[in-house]
Amino acid sequence: MAPQLVSLEEARALGLGKTPPKSGVSEFETEKAALKAFGIDLAEDHLEGYKYNPGRASAIQRDTNLVKRPWDVPIIDQLGKDHVAICKDYETWDNPEFHLEIREGIAYCTLNRPDANNAMNDGIGGGLHDACRILRERLDVRIVVFTGNGRMFCAGGDPKSFQAAQRQAGAIGADGGGPQGPPPGIVIAQSGRMLIEGNKMSAAGFARDMYSMSTLPQFTICCMNGSAMGGGFGLVCACDYVIATKQAHATLSEVKLGVIPAVISPHVSRTIGTANCKRLFCTAENANMQTAMEIGLVHKIVDHPRDFSAAVREVAQKIQLLAPGAVGATKQVLLDCLNQPISNSLIEYTAKEYLRVRRGKECEEGMDSYKNKQRPPWVQKVIDVKESEDK
């Protein structure tokens with residue numbers, strides 16, 4: 001029996017096309033369901049061949065909705081749950097390749113693989129992760145200093161660690177010289193998947209740690225004791241202020257090896273801009289510190305690592321006068337607003353953040369101190385910058 005079609009007048013009287021769609025259901029799906037009630041059953045492919053296809057449009061809309069804004073869901077939460085990599089807390093810290101020292105108002109994170117030019121391995125990567133996890137909760141710490149022991153700040157990824165991962169996956173032999181030659185069939189496929197998934201997990205973990213480092217509530221200072229390459233360049237860019245020795249260089253040479261600096265690119269481009277990124281990424285230029293200052297990577301150059309203490313103390317004297325919560329909130333707002341289009345949602349977010357901070361206890365203390373001509377609480381505890389060791 002042929003379906004009974006309704007006239008336009010009957011459809012209008014029945015409210016077809018006017019019923020507000022249910023939450024999460026498109027208007028097209030609502031009308032399709034209403035038509036079905038009158039015996040009109042639209043096939044799933046009935047719009048194939050048409051230029052306009054509501055199904056495809058809704059898919060695009062759904063994809064857009066998947067991009068969560070930083071103020072809806074914090075990016076650090078979107079990147080996955082936190083975990084303990086090596087050390088659970090500061091009191092039981094025991095990582096010889098990544099030192100963590102917390103003093104009054106200031107913490108020092110030191111890469112400690114001088115014989116390997118502080119190339120990043122599980123020890124340094126785990127130390128970075130744990131340090132950021134611990135320091136994020138230490139609101140008594142006002143400044144975090146990142147530096148390295150030895151002649152280089154960080155040589156980037158460790159080729160030996162990468163080869164070890166390949167060897168474990170069966171991609172290279174025990175001597176590192178060629179394929180191990182696993183049995184044909186499923187073992188080869190499993191080895192390939194293991195290597196690919198391992199690389200993805202490693203890159204994702206480093207990306208999370210880079211973002212965690214860049215969003216620490218403390219003011220972060222990189223004391224660049226020597227050159228930075230690859231991932232080490234990214235660590236420099238994740239800091240708020242960079243002090244470097246004059247003999248250091250900064251290099252991104254991944255393209256020479258057929259690789260790209262993808263994971264660190266958001267942090268590098270945020271720091272030095274797209275034009276300078278293309279210059280350094282695509283030419284592998286070995287930038288000296290004068291160039292680094294010109295492009296905004298480095299803020300201050302010193303003659304020797306022993307000059308770091310005076311330079312950090314100079315910054316600490318400024319941070320001493322600032323409300324720590326306001327510093328952290330300012331950093332987060334800047335990063336949340338980065339590359340976001342001007343919209344009602346963005347304007348509402350910035351207004352709410354202002355009100356949240358303005359109504360907070362810290363602001364109340366600051367206003368009262370100003371009114372009573374007293375020093376606010378955060379000025380009274382002196383940040384304990386340690387003296388540089390004469391190296």
Side-chain angles (χ1 to χ4, degrees), residues 79-103 107-138 141 144-169 171-172 174 176 194-195 197-214 216 220-239 248 251 254 259 261 263-264 267 305 389 391:
L79 293 174
K81 293 183 178 180
D82 212 342
H83 66 279
V84 176
I86 299 174
C87 303
K88 181 180 180 180
D89 50 42
Y90 176 62
E91 288 71 24
T92 59
W93 189 272
D94 183 22
N95 184 342
E97 295 179 326
F98 192 101
H99 293 169
L100 174 63
E101 179 185 359
I102 298 180
R103 301 164 67 93
Y108 290 85
C109 299
T110 306
L111 282 60
N112 189 43
R113 295 186 71 210
D115 294 339
N117 291 325
N118 293 322
M120 301 184 71
N121 64 348
D122 290 343
I124 287 182
L128 177 66
H129 177 91
D130 289 335
C132 290
R133 174 178 53 79
I134 292 168
L135 291 170
R136 189 170 294 279
E137 305 300 323
R138 290 291 301 262
V141 176
V144 180
V145 177
F146 291 90
T147 189
N149 282 330
R151 66 187 187 91
M152 286 189 68
F153 171 65
C154 180
D158 187 354
K160 292 182 179 179
S161 295
F162 179 68
Q163 287 181 348
Q166 288 183 305
R167 191 175 298 112
Q168 184 179 1
I172 62 175
M194 186 189 304
L195 182 60
E197 291 303 315
N199 287 340
K200 284 171 61 178
M201 289 177 63
S202 177
F206 185 50
R208 189 189 192 285
D209 293 340
M210 286 286 297
Y211 185 79
S212 179
M213 178 180 173
S214 67
L216 282 173
T220 55
I221 301 174
C222 176
C223 286
M224 196 172 159
N225 56 293
S227 297
M229 301 175 63
F233 195 120
L235 296 181
V236 175
C237 291
C239 291
T251 311
E254 282 85 344
V259 191
V263 175
I264 65 172
H267 305 278
E389 298 177 4
K391 299 179 181 179

Where is the tightest heavy-atom contact between [X] and [Y], given as atom of each residue plus distance?
| X | Y | result |
| --- | --- | --- |
| Trp93 | Gly127 | CH2-O, 3.5 Å |
| Val236 | Met224 | CG2-SD, 4.1 Å |
| Arg103 | Tyr108 | CD-CE1, 3.8 Å |
| Ala119 | Arg113 | O-NH1, 2.8 Å |
| Phe146 | Thr220 | CE1-CG2, 4.1 Å |

Donor-acceptor side-chain pairing of Asp209 and Ser212 below 3.5 angstrom: no
Pair Phe98-Thr110, side-chain contact (heavy atoms from CB on, under 4.5 Å): steps then yes or no: CA-CA 6 Å; Phe98 192 101; Thr110 306; over 6 Å; no
[atom1]-[atom2] distance between [X] and [Y], expressed to the nearest 0.5 angstrom:
| X | Y | atom1 | atom2 | answer |
| --- | --- | --- | --- | --- |
| Glu97 | Ile86 | CD | CD1 | 7.5 Å |
| Leu235 | Met120 | CG | CE | 5.0 Å |
| Met213 | Cys239 | CE | SG | 3.5 Å |
| Thr147 | His99 | OG1 | NE2 | 12.5 Å |
| Arg133 | Arg208 | CZ | CZ | 10.0 Å |

Residue pair Leu135, Cys109: steps toward the side-chain contact (heavy atoms from CB on, under 4.5 Å) verdict: CA-CA 10 Å; Leu135 291 170; Cys109 299; 4.0 Å; yes
Donor-acceptor pair, side chain of His129 and main chain of His83, under 3.5 angstrom: yes
Donor-acceptor contact present, side-chain Asn112 to main-chain Asn149, <3.5 Å: no
Matching residue for Phe153 among Asn225, Asn117, Asn118 - test: side-chain contact (heavy atoms from CB on, under 4.5 Å): Asn225
Sub-4.5 Å side-chain heavy-atom contact between Val141 and Ile102: yes
